[in-house]
Amino acid sequence: MNTTTLIRNGRVIDPSQSVDRITDLWLSDGLILGFDSPAGLVPDRTIDATGLIVSPGLIDMHVHLREPGREEDETIATGTAAAIAGGVTAVACMPNTEPPIDTQAAAEFVILQAKRAANCWVFPIGAVTKGRQQKELAEIGGLVAGGAVAFTDDGAPVSSAEIMRRALEYTHMFRAPGEPFGKAVLVHAEILELTEGGVMNEGYVSNRLGVRGMPGIAEDIMIYRDIVLAELTGGKVHILHVSTAGGVDLIRRGQARAAELTRAGKQSFWISGEACPHHFILTDETLVEFDTDYKMAPPLRTAEDVAAIIAGLKDGTLSVLATDHAPHAAEKKSREFDQAPNGIVGLETFLPLCITHLVEPGHLTWPQMIEKMTVNPARVLGVDRGTLQPGRPADVTIIDPIVKWTIDVDAFVSKSRNCPYHGWPVTGRAVATIVHGEVKMSRMS
Ligand SMILES: [Zn+2]
Ligand SMILES: [Zn+2]
């Protein structure tokens, strides 16, 4: 591969460098060259991006690829194909596979399968506990050696505060030179004693429907626990799929506390939070039909929670947008409501839903939205992506910001179709996905 690409005349938005202007972008040999035309260089290929947005390649740090073990739902090849169809150039994949990603060999398997598929980058996340059994820590050191960039038992919480404390102490030791924080622990916040038997948010709607609910405090209590443990250990904690107003408030206060410690020159800690499109678009009112495509964990909450999540995205408390892409084969989602698995697919609707529901109504500016899909998740994971700085891998997403289209689940590349947005009108989509300098997806003529 020895080619030079010129992406001409686009609106280049790179929040990592505070860039938002009409300019060219040069790629060479799989790396970013820069914005200015190098003297005498003639591109092998020119892409006209007039009227389009040129962004660092989007990162989705919360994806369930299901392989190994549940290939009927998704594989590393089909999940990464869905990623590039959606404009995503890198995913971090969750370890709740069968068997779980809890050893060096398991992390290496994911990276090998991703290389074979040759779609986008895949960063494996390692399990916190062996076999996700909640009894003893997984081989954290071996997982890091195998390429794991963070740790979680997502799909389930780390219920033991003692194990969580030790996970934070241990991951804190994996600090890059000069970095204050080690590898991140990603938190699925749920006190299981409080959610047992629940199928939706606990509140007015669950009472009306006469079904058992999952209270918001089941999430808030664990978020608070893990902020306190992060302070104790100097750890790096990222809260996945925040769904409650209380959770947003706790993270905001935790960040203020961390900033105060830093100012005082004391050992500080990392606390960040993530929002998924369904938690700022949908509410528990959608459950009245008992359609399993609206069943998630954490569940869809109330309009007040949605407003608090949007406020948290606006003021930066929630620094990451991610999908929690959770494919399930149709026969599983068509079970009885209380038996059906949680979650929806998200990779192919991620960008248009965020444009339509965050940028169009004026909640976020384009640079604010792109920051939460590029450099911010890269910082949580500690990976050198999400930027157009010269010398970095040439991962670029080209976006048509105004095209109007309709979501059609039958056109999905993902193996699964569990998605409540079929037929929804949306604005904007990725028109080209460039990974390591190669055009992996193009809708440009
Ligand atoms: Zn989760
Ligand atoms: Zn998840």
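Indexing begins at 1, ligand by ligand and atom by atom, following the structure's order. Quick note: numbers below take in every heavy atom, side chains included, and nothing from hydrogens, waters or symmetry partners. One-based numbering along the sequence shown.
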Practice problem: Verify the distance criterion only: is there a donor paired with an acceptor across the side chains of Ser243 and Arg301 at less than 3.5 Å? | Solution: yes
Quiz item: What protein N/O/S atoms sit under 2.8 Å from the Zn ion (ligand 1), by chain and number?
Solution: Asp154 OD1, His188 ND1, His241 NE2
Exercise. Pick out which of Lys332, Arg66, Lys415 makes a side chain to side chain donor-acceptor pair (under 3.5 Å) with Glu72.
Key: Lys332
Quiz prompt | Distance under 6.0 Å and angle within 45° of ring axis: Lys295 vs Phe337 | solution = yes
Exercise. Might you confirm whether atom CZ of Arg252 has over 12 heavy atoms from other residues, nucleotides or ligands at distances under 6.0 Å?
Key: yes
Quiz item: Taking the six-membered ring for Trp, is the centroid-to-centroid distance between Trp121 and His436 below 6.0 Å?
Solution: yes
Quiz item: Among side-chain atoms of His62 and His241, is any donor-acceptor pair under 3.5 angstrom?
Solution: no
